[in-house]
Each structure stands twice: as C-alpha cells, then as structure tokens.
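Taking it in order: structure first as structure tokens, then the write-up.
Residue numbering restarts at 1 for every chain, and letters A, B, ... go by the order of the sequence lines.
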Amino acid sequence: MNKYRTHNCAELTKKNKDQSIILSGWINKKRDHGNLLFIDLRDNYGLTQCVIDKSNKFFKDLEKIQLESVIKIKGTVVERSKETINSDLKTGEIEINIVSFELLGTCKELPMPIFSDQDYAEEIRLKYRFLDLRRKKIHENIILRSNVISFIRNKMQELDFLEFQTPILTSSSPEGARDFLVPSRLNPGKFYALPQAPQQFKQLVMVSGFDKYFQIAPCFRDEDARADRSPGEFYQLDLEMSFVEQEDIFNVVEKLMVSLFKKFSSKKIINENFPRISYEDSMLKYGTDKPDLRNPLSISDLTNIFTREDVKFDIFKKLVSKGSKVRSILTKKTKDKPRSFFDNIDKWAKEEGASGLAYFTFEKDKQITAKGPVGKFFSEESLKEIMKITSAEVGDSIFFACGKINEVEKISSLARDKIAKDLNLINENEFSFCWIIDYPMFEKDQITNKIKFSHNPFSMPQGDIKNIDFKNPLNIKAYQYDIVCNGVELSSGAIRNHIPELMYKLFSVAGYDKKEVDEKFKGMINALSYGAPPHGGIAPGIDRIVMLLANEKNIREVTMFPMNQNAQDLMMNAPSEISENQLKELNLSLKKKK
RNA sequence: GGGGGUGUAGCUCAGUUGGUUAGAGCGAUCGCCUGUCACGCGAUAGGUCGCGGGUUCGAGUCCCGUCACUCCCGCCA
C-alpha cells in the first residue's frame, strides 16, 4: 500500500463492502445532478463509480474539475441497490462514497474527447498520442501487443532459442530497401546504416555456434508507408536455426503461430498444417504471392482460347498474338445477378487503371451460350473449352482481363478480392495460413532488363549444388519461403547459402564480381569460410501479427507512437533541423534550398 | 515521383441551383437539478469555411494554383 491507492479501479466488489479505500485515476466522466455528483474514475485496469453530495465540503471543488484530470479519492465502498447495479462494469455492484479528494494532475481543455468511440483526425491523434492512448480500443490493442510479445518470448525460450541483441549501428548494404544513414563523427565522410533486418548478424550468430537464435528485432527501412506498413521502423520476430532443412523451420513456426493465434483470438484457424503453395502456382491461381485463402475464387489462364479460329473477340486476340495473357475469374451461380453487379466490377477495374474486365454468363437453351456484352464472340465449342478449363457450370459467370503478364496478374488478383467482397464470400471469423515456397532465385529487372536477386541474395538455391544451371538463372529456385495469413504477408525466410564459392557464383550472375562481394559483404563471406553450419530462419512481422489479432486494418492502431505517412512524429517533432555546430562536428554541410 | 479522397466552431459533421446574419450534436463557461452510468433542462461564448488567386453585383458553394492529412500505385531483397 502506498499513499496513492489501496486498490486499482477494477478490483473492488461487494466483498470490499464498508472498507475505507483510496483510489487514484483519471476522471473519465462526470454526471452532475446539482446536489449529487457521480464520477467515473479510470485507470489502466478499469472504471469505478464514485459519488459525492452537497453535504460534503469537497463537493463544489470536485464539481468544477475538468475531465481527464488525475485525482486521488478517499472513500468507503458501498454496495449498490439492486436497481442501480451496472452490469457492464466489473465494479458495477459497488460504488465509492467519497470522503475527500486530492487533485494530482490538472488537465487543460481537451483537444479531443477521450471517452468516446468517435473517430477523429489522425493528425490530432498523433499529435496528442498520450491522450489517444488512453482511449479504450487502442489502449487494449497496445496491451495485446505487449502480451503477444511476452507470449512469443516464453514460447521461444521453451523451444530452446536464445535471445540476443544485435547492433543498431551497422553498415549500409547495397541490396534491398533504402537505408537510414547515420553520419560518423569519428570517421568523417563515413556513415553507419540502421539495419533493415539483423540478417547478416543472425547468420553470424549461427556461425558462432549458438544453434538457435531469436530476437524481437527493430528493423529500419527508408521506404514509403502504407496502411499496413509503418514508415521507417517496425518489429520482427527474427529467428535462425542451425542444421535445419526447410521443414524444420516450418514445424517451429507453425507450432508458434497456431498456439499464438489460438491464445489471442477466438477466430478459427482453417489449417493447422499450413498448406504449401509454390510461388508459380500462387501467381497463376491468385495473381499474387500473398493470397487470401479464405477467398474461394480462383484464377484460370485462358490465353489459348484467344488463339482459336472460332473466337472472334478481336481486341483480346490481337493482344494475345503480341504476347499478352488472358486470365479469368469464375463466380458460381451468378446468372441472376443484376447487370449493375457486372458493370460495377468493370467500372472498378477501370478505376484501378486496367482496361476493364470483360464478362459473360454461361447459359443453356438448346446449346451453350454466353450472355453478356461480349458473349456473341464465342462459339459453343470455345465456351465448352472454357468451362472445362475453369470447371464452370451453366449459370456461372466469368470475368476476364487481358494484358502483359504482370499487369494481368495484378488486376486479376485485385479483382479476385473485389468480387469476393461484393459477393460476401469471405468469412471474417477465420484465419487461413499458407506457405508460399519455391521462390525463384533471380528475376529480370523490368526497366534495365538485367538479372537481379528476386529476394534474399543469401538464400540457398535448390537442387544439387554441383549441377546448378547457371546458364538459365531464371530457372533457379531458392529455398525461400513466405508465410501468409488472410492475404497478409507475415514474414519471409530462407535456408541460407553457407558456401562461399556458391555465393560468389550467384552474386556474379547478379552482376557483382568477387571483389565487390568481398567489399560489400566482407564480414559475412569471411565468416562463412571458417566452418559455417547449414542454417536457415524466418522473421515474422510482429506489427502485422498484432494487426490480425486485434482485427485492425491500420498498423498505427497497434503501434504506440507511430509516425505519420510522411515519416514525421507529430508529437516529438521528428525529424527536426539540427544546429550548425552539430553539422560541423559531423563534417556535413547542407545543400542550400532553392 | 504519380493517382484518388478529405479539409467548415476545441471535436464529429450538415450546409440545396452561387443569394440576407454559416448551422447541429458533443465539449467549454454560467444557471437549475439527489440515483446517474452517453444523466436531464436552460442560457452564453466560440468561425481567416486549409491557404492564395480568379470569375461574379454577390463565393463555404464555380475555376486555377498551393498546402496538410489519408488511401492506393511506384518503392518495400
């Protein structure tokens, strides 16, 4: 017991009847009846109703105190009469008869209401984040986040993982995202970089013989924000294991995710053994490598249909003859949907920057026909072929898009989500996890046409190491995998390449010579040549996991002190200008603004 | 870097075809009210309609520019 409180605002019940107690907290709400005043006192734990009437000398003072002021109340616990019990409150069976009070912290007029479910402007919320965080919903989200992190820590320790910290000031790496840079005072003209992830360090931890590592790791990437992507910084459950194959990583992560999601959500997990989908299949069937498997719709390739003589849809035929692809989405039993349903989706696609979506519905009178604006261009034979490819039946409809492969993948993926949403096909009470596997090691840069790493340059290529087909690098697959839940990419990982000679070869395919690799990845390559164990790992994103568990669409709702979209902290005023002196010490000068 | 949305009182929002003095709810201040739990009732204060320019007899409303916030594309191995 201390001078501020004997109990918190959630723990008093009728068992405490007649006790003298002290509570401290914020004034959540006042209900002033003139000669009788109710005060809802709030702290982290809950609410307790306190009462005072005009016979008490403190009445007048208490009546005037601003909401959200912090006060200490001395009083007695009183059982409420039956008709005044509030069953919504944990403490609803009792109230506090106020004997005296003390003002601990005054409060100015509030820039926004605390006790309200109303949404208000992000700018104000971020500027007054300390007030925003008092609100129930976000307060609970942040507590959830804390509990999730504790749970993960315990679980990882149970599984014999060791938690280590790795440096925050490290070196810039040429691959991947833009680095945040920190000038070095002691080394003029040189810069540290904040880690985009502790990738190289965790591999070094394995080379150092620690076997299993994890860290709730801050990661820094200087890229533009999205609703599910904080600008600047975010957290990963970074983990790495020695002497493992892909399956070993999958086992650990599946166990962790299933126990975590079961513990913190009542939603159903569809497959506790997460299905594995190859990158190639995922791109074809879902148009993306982060499919929402709650969505039953799937995409088919109809490109060949548009090479047939008996299909007269010339716009698509012309595009196909020039190398474009046609992808379709089938919707079941939609023949009675109004014209507006189809046209809205076409209109939506145009707004998304596509050339629109063609559609028709399969009908049968004497023969199979296609009903819809472009239906007349298809012969019965071609329609039968389409039905075979897409497993369509009479009464189903089909949407299709034509374009360059990556364009058509993108729009069909978006359309798959959009149509499912319009048809209400997604069960919001499920979690559907999957692994995306067999990522290609390399890809062609769209602009420069050069071969580059498609994901992590340190991933192990698949197949017999002695017989890797370096002449056709685009065919090389990697032991590289992503975990996806409800269309949200939670993490990516890989079995690492621990063989320096192989590393040099792969880097040379991406246009780095030996000298360059030695320069840029000195620590890494050097370490791998002193007896490195085969190893691999993964790094699930903490923020996104909490988003899924809290059922939030925006990452700021699960981040205590987030920055806005322009990577500014409106509360702390970061980034800010620095003094001439600081610049001088760092050996920096700023370009003059034009 | 590009596209969309939003911007009116401290907060959330309404504001018709361009037309008199720009409204409501919450909050604030003052008054009344002894059983509320979104307490109730009455009154008062509170506005550079984001900012700048233009069209017009007249602009919150129309046009051009610009800024801020947000969503998306690019980007994020």
Looking just at side-chain N and O atoms, do Asp292(A) and Asn295(A) make a donor-acceptor pair shorter than 3.5 Å?
no
Which part of the nucleic acid, if any, lies within reach of Ser116(A) when heavy atoms closer than 4.0 Å are counted: base, sugar-phosphate only, or nothing?
nothing
rC26(B) and rG60(B): how far apart are their C1' atoms, nearest whole angstrom?
23 Å
OP1 or OP2 of rG35(B) versus the side-chain N and O atoms of Asn35(A): is any pair under 4.0 Å?
no
What nucleotide among rG35(B), rC76(B), rC69(B) has an atom nearest to a side-chain atom of Leu36(A)?
rG35(B)
OP1 or OP2 of rC73(B) less than 4.0 angstrom from a side-chain nitrogen or oxygen of Arg226(A), does that happen here?
yes
What distance, rounded to whole Å, do you find between the two P atoms, one in rG74(B) and one in rA28(B)?
47 Å
NA contact type, Asn28(A), heavy-atom cut-off 4.0 Å: base, sugar-phosphate, or nothing?
nothing
If you measure from the C1' atom in rG27(B) to the same atom in rG46(B), how many Å do you get, rounded?
11 Å
Assess Lys202(A) against Tyr213(A): is NZ or CZ under 6.0 Å from the centre of the six-membered ring, and within 45 degrees of the ring's axis?
no
Does Phe442(A) form a side-chain contact (heavy atoms from CB on, under 4.5 Å) with Ile476(A)? I'd like the steps, not just the answer.
CA-CA 7 Å; Phe442(A) 298 101; Ile476(A) 302 173; 4.2 Å; yes
How many whole angstroms separate atom CZ of Phe180(A) from atom P of rC76(B)?
15 Å
Looking at every strand, decide which applies to Lys410(A) at a 4.0 Å heavy-atom threshold: base, sugar-phosphate, or nothing.
sugar-phosphate
Base-pairing mate for rG7(B) - Watson-Crick or G-U, with both contacts under 3.5 Å:
rC67(B)
Separation between the C1' atoms of rU16(B) and rA22(B), rounded to whole Å:
14 Å
Please state the P separation for the pair rG47(B) and rG23(B) - nearest whole angstrom.
14 Å
Whole-Å distance separating the CG atom of Asp32(A) from the C1' atom of rG27(B)
15 Å
Closer than 4.0 Å, any side-chain N/O of Gln565(A) to the OP1 or OP2 of rC71(B)?
yes
If you measure from the ring centre of His33(A) to the centre of the six-membered ring in the base of rU36(B), is it under 5.5 Å, with the planes under 30° apart?
no
Using a distance-only criterion (donor-acceptor N/O pair, under 3.5 Å, no hydrogens), is the base of rC75(B) paired with the side chain of Arg229(A)?
yes
Measure NZ/Lys60(A) against C1'/rC32(B) and give the value in whole Å, please.
11 Å
What distance separates Cys50(A) SG from Ile96(A) CD1, expressed to the nearest 0.5 Å?
5.5 Å
Within the 4.0 Å heavy-atom criterion, would you say Asn566(A) contacts the bases, only the backbone, or no part of the nucleic acid?
sugar-phosphate
Between Gln462(A) and Asp438(A), is any side-chain donor less than 3.5 angstrom from a side-chain acceptor?
yes
For Glu95(A), answer base if it contacts any base atom (sugar-phosphate contacts may also be present), sugar-phosphate if it contacts only those atoms, and nothing otherwise; contact means non-hydrogen atoms under 4.0 Å.
base
P atoms of rG10(B) and rA45(B), separation to the nearest Å:
15 Å
With RNA chain B as reference, determine whether Phe453(A) or Asp40(A) sits nearer its 5' end, using the nearest nucleotide of each.
Asp40(A)
Spacing of Lys127(A) atom NZ relative to rA68(B) atom P, expressed in whole Å:
15 Å
Give the intermediate values and the outcome of salt bridge (charged side-chain N to carboxylate O under 4.0 Å, His left out) for residues Asp518(A) and Lys515(A).
CA-CA 5 Å; Asp518(A) 282 339; Lys515(A) 200 180 141 204; over 6 Å; no
rC71(B) OP1/OP2 closer than 4.0 Å to side-chain N/O of Arg556(A)
yes
What is the distance, to the nearest angstrom, from the CD1 atom on Ile555(A) to the P atom on rC76(B)?
18 Å
So, does the side chain of Arg80(A) form a donor-acceptor pair with the base of rC37(B) at under 3.5 Å?
yes
Quick check for you: to the nearest 0.5 Å, what is the distance between Leu131(A) atom CG and Ile114(A) atom CD1?
4.5 Å
Between P on rC32(B) and NZ on Lys54(A), what's the gap in Å once rounded to a whole number?
11 Å
Regarding Tyr439(A) and Asp289(A), is there a side-chain donor-to-acceptor distance under 3.5 Å anywhere?
yes
Under 4.0 Å between any heavy atoms, over every strand shown, what does Asp222(A) touch: base, sugar-phosphate, or nothing? Just pick one.
nothing
What orientation do Tyr512(A) and Phe507(A) show, parallel under 30°, tilted 30 to 60°, or perpendicular over 60°?
perpendicular
Measure from the side-chain heavy atoms of Arg31(A) and tell me the nearest of rC71(B), rC73(B), rU36(B).
rU36(B)
From Ile451(A) atom CD1 to Ser508(A) atom OG, the distance as rounded to the nearest 0.5 Å
11.5 Å
Is Lys29(A) close enough to rC39(B) that one of its side-chain N or O atoms is under 4.0 Å from OP1 or OP2 there?
yes
Rounded to whole angstrom, note down the P distance from rG15(B) over to rU8(B).
14 Å
Both distances under 3.5 Å, Watson-Crick or G-U wobble: report the partner of rG40(B), or none.
rC32(B)
Taking a pair to mean Watson-Crick or G-U wobble geometry with both distances below 3.5 Å, rC13(B) pairs with rG23(B)
Give a yes or no on whether a salt bridge exists between Arg80(A) and Glu93(A), defined as a side-chain N under 4.0 angstrom from a carboxylate O.
no
Can a donor-acceptor pair under 3.5 Å be found between the side-chain atoms of Gln49(A) and the base atoms of rU36(B)?
yes
Hey, does the side-chain of Gln66(A) have a donor or acceptor N/O within less than 3.5 Å of a partner on the base of rG27(B)?
no
With nearest nucleotide decided by heavy atoms, which residue, Asn564(A) or Gln199(A), maps closer to the 5′ end of RNA chain B?
Asn564(A)
Pick the P atom in rC49(B) and in rC62(B), then give their distance to the nearest Å.
16 Å
Whole-Å distance, Asn456(A) CG to rC76(B) P, equals 14 Å
Between rU70(B) (P) and Leu126(A) (CG): distance, integer Å:
7 Å
Could you pull out the protein-nucleic contacts involving nucleotides 5-11 of chain B (nitrogen or oxygen on both sides, under 3.5 Å)?
{"unit_1": "rG10(B)", "atom_1": "O2'", "unit_2": "Pro111(A)", "atom_2": "O", "d": "3.1"}

Given rC71(B), rU34(B), rC76(B), identify the nucleotide with an atom nearest to the side chain of Glu223(A).
rC76(B)
